[in-house]
Amino acid sequence: MSAQKVRLGVNIDHVATIRNARGGALPDPVRAAHLAVEAGADGITAHLREDRRHISDADIERLSKELSVPLNLEMAATEEMLEIALRHTPHAVCLVPEKREERTTEGGLDVAAHHAHLRPYIAALNKAGCRVSLFIEPDPVQIAVAEALGAAVVELHTGTYCEHCFAGRRKKAAAELKRLTVAAKEGAQRGLEIHAGHGLTFDTVQPVAAIAQVRELNIGHFLIGEAIFTGLAEAVGQMRALIAAARAESAA
């Protein structure tokens, strides 16, 4: 039985974080995107936040024009962000929760509670030809609502699983991995494409990559941090190899 490849999307947000800490143009996140693609990334993810704390409008414009692989634009469901997405029509748009005070995206989008707000955004993006993804917790209710709203993809939040792994809470990590596995199966049965991401590292990625229904992993912060020590090409290449090995083993 041959293993189906799991795509790797590399999030380049935190190259922009370093740039913005000093001001000016360097390091260039678009250059990082090109290097990631050369090293084996199947797509590039960038989160344009309301406060522009890392990725800028100019970055999105350049990525839209220059990339040879799909761009996955992460954004909150706001009128401003919708207008930007419709202007650039990236391959994919992932709707995520966003709060000004948070350091990073904290948990999944509650699509069940906010379905009425989300529905027109998803409809507009679908009409424009963007593949709509919803970043959610691995919960059957959220998955069912995502299907009902017309999303093509759900990206399962792996942050809780990773936190348990880092803290050495093996039973809780195993329980969260099972939750991810059940959610992936449920989503796939509903016709949704299954992605996963948040907090994944070399040490935590393989059990998630081995989930049969997962088609794409989006990883950023860890890879950019690792690149400080080994270079971005090496970090992406190693992650790509770990994902492929996990998938091959699970299919054997």
Side-chain angles (χ1 to χ4, degrees), residues 7 9-13 43-57 59-60 63-64 70-160 180 183-184 186-188 190-199 214-221:
R7 298 187 299 271
V10 174
N11 186 314
I12 47 98
D13 288 354
I44 296 297
T45 293
H47 182 177
L48 185 64
R49 281 182 171 267
E50 180 188 16
D51 61 10
R52 308 305 198 268
R53 69 177 64 172
H54 38 59
I55 294 297
S56 69
D57 298 70
D59 293 331
I60 296 300
L63 289 166
S64 299
L71 171 63
N72 175 36
L73 172 62
E74 290 186 344
M75 65 177 224
T78 68
E79 288 298 323
E80 179 196 20
M81 291 300 154
L82 178 62
E83 190 276 329
I84 292 168
L86 295 179
R87 187 190 321 143
H88 295 293
T89 58
H91 170 76
V93 173
C94 183
L95 297 178
V96 300
E98 186 176 307
K99 295 181 291 187
R100 279 185 176 270
E101 65 272 18
E102 68 187 358
R103 286 177 293 178
T104 184
T105 305
E106 298 172 356
L109 184 64
D110 190 347
V111 298
H114 302 292
H115 62 92
H117 172 73
L118 293 168
R119 189 181 299 278
Y121 289 92
I122 294 169
L125 291 165
N126 280 336
K127 185 177 180 180
C130 300
R131 185 184 65 174
V132 180
S133 174
L134 301 177
F135 182 71
I136 63 171
E137 293 297 322
D139 177 83
V141 173
Q142 301 295 337
I143 290 167
V145 177
E147 179 198 14
L149 287 172
V153 180
V154 289
E155 181 170 339
L156 302 178
H157 175 237
T158 55
T160 303
L180 287 162
E186 170 72 14
R190 290 180 175 275
L192 297 165
E193 183 170 304
I194 309 301
H195 299 180
H198 199 81
V214 170
R215 295 289 174 262
E216 181 173 306
L217 296 174
N218 286 298
I219 305 172
H221 183 268

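- Every residue two or more places apart in sequence or in another chain that forms a salt bridge (charged side-chain N to carboxylate O under 4.0 Å, His left out) with E193 is listed here: R7, R131.
- Summarising the geometry, atom NE2 belonging to H195 is positioned 9.0 Å from atom CG belonging to L217; distances are rounded to the nearest 0.5 Å.
- Atom OG of S133 is separated from atom CG of L109 by 10.0 Å, given to the nearest 0.5 angstrom.
- A donor-acceptor pair under 3.5 Å is formed between the side chain of H117 and the backbone N or O of A77.
- From I84, atom CD1 reaches atom OG1 of T89 across 13.5 Å, with rounding to the nearest 0.5 Å.
- Heavy atoms of other residues, nucleotides or ligands lying less than 6.0 angstrom from NE2 of H88 number more than 12.
- Closest heavy-atom contact between C130 and P90: SG-O, 3.3 Å.
- Atom CG of D110 is separated from atom CD1 of I136 by 10.0 Å, given to the nearest 0.5 angstrom.
- The two residues H54 and D59 make their nearest non-hydrogen contact at O-OD2, 4.1 Å.
- From D13, atom CG reaches atom CD1 of I55 across 5.0 Å, with rounding to the nearest 0.5 Å.
- If you check the side chains of T45 and N72, you find a donor sitting under 3.5 Å from an acceptor.
- Checked for salt-bridge contact, D51 and R49 miss the test: no charged N lies under 4.0 Å from a carboxylate O.
- Remark: side-chain polar atoms of Q142 are paired, donor with acceptor, to backbone N or O of A112 under 3.5 angstrom.
- For H91, there are no ring pair (Phe, Tyr, Trp, His ring centres under 6.0 Å) partners two or more places apart in sequence or in a different chain.
- Aromatic ring pairs are classed by plane angle as parallel below 30°, tilted from 30° to 60° and perpendicular above 60°; the pair H157 and F135 is perpendicular.
- Taken to the nearest 0.5 Å, the CZ atom of R215 stands 9.0 Å off from the CD1 atom of I194.
- With respect to the salt-bridge test (charged N to carboxylate O, under 4.0 angstrom), the residues E98 and R53 do not qualify.
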